[in-house]
Amino acid sequence: MRLATLRAELDVRTGGSFRISFTRDDGEYFEAGGTYRDVVPNERLVFTWAWHSTPERESLVTITLKPDSAGTLMVFHHAQFFDETARDNHLHGWSSFFDKLDAFVA
């Protein structure tokens, strides 16, 4: 399934926020956003994540970048899910995203 980004607003700084929205090929619309809790350029990005439809179900994403012999190693960690279904749905979504990113970078 191909995602089309409709909008992305990013204020990437500690205390800043983001909001993204997209529509899947099947027409289903999604909107998510959060707040950047920690931003260390070229090292770490920590931010909250919540779908617009369920803002009370906020989770936490941490991305760490480390030099690697092949370039840069990215460690992605998404935690504090509302329940196992939310965890599994995010795992599926992020896995699909990273597969597409890998293909794009290759």
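Treat the numbers as computed from the prediction; the structure is a model and nothing was measured.
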Residues 52-59 side chain polar contacts: donor-acceptor under 3.5 Å, at least two apart:
| residue | atom | partner | partner atom | Å |
| --- | --- | --- | --- | --- |
| Ser59 | OG | Trp49 | O | 3.3 |
| Ser59 | OG | His78 | NE2 | 2.6 |

Run the side-chain donor-acceptor check on residues 9-20: report pairs under 3.5 Å with partners two or more places apart or on a different chain.
| residue | atom | partner | partner atom | Å |
| --- | --- | --- | --- | --- |
| Asp11 | OD1 | Arg13 | NE | 3.0 |
| Asp11 | OD2 | Arg13 | NE | 3.1 |
| Asp11 | OD2 | Arg13 | NH2 | 3.0 |
| Thr14 | OG1 | Val39 | N | 3.2 |

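Glu43 CD to Lys66 NZ: the interatomic distance, rounded to the nearest 0.5 Å, is 10.5 Å. The structure places CZ of Arg37 at 11.5 Å from CZ of Phe47, a figure rounded to the nearest 0.5 Å.
Put simply, Ile63 and Phe98 are part of the same group of oily side chains (I, L, V, M, F, W, Y) that touch within less than 4.5 Å, one to the next. Tracing side-chain contacts under 4.5 Å through hydrophobic residues (I, L, V, M, F, W, Y), one never reaches Phe76 starting from Leu73; they form parts of separate clusters. Leu45 and Val75 are not part of a single hydrophobic cluster, where members link through side-chain heavy atoms under 4.5 Å apart. There is no path of hydrophobic side-chain contacts, each under 4.5 Å, that joins Val61 to Leu91.
Heavy atoms of other residues, nucleotides or ligands lying less than 6.0 angstrom from CD of Glu28 number more than 12. In the displayed structure, Asn42 atom CG is contacted under 6.0 Å by at most 12 heavy atoms of other residues, nucleotides or ligands.
With Thr35 contributing its side chain and Thr48 its backbone, the two residues share no donor-acceptor pair below 3.5 Å.
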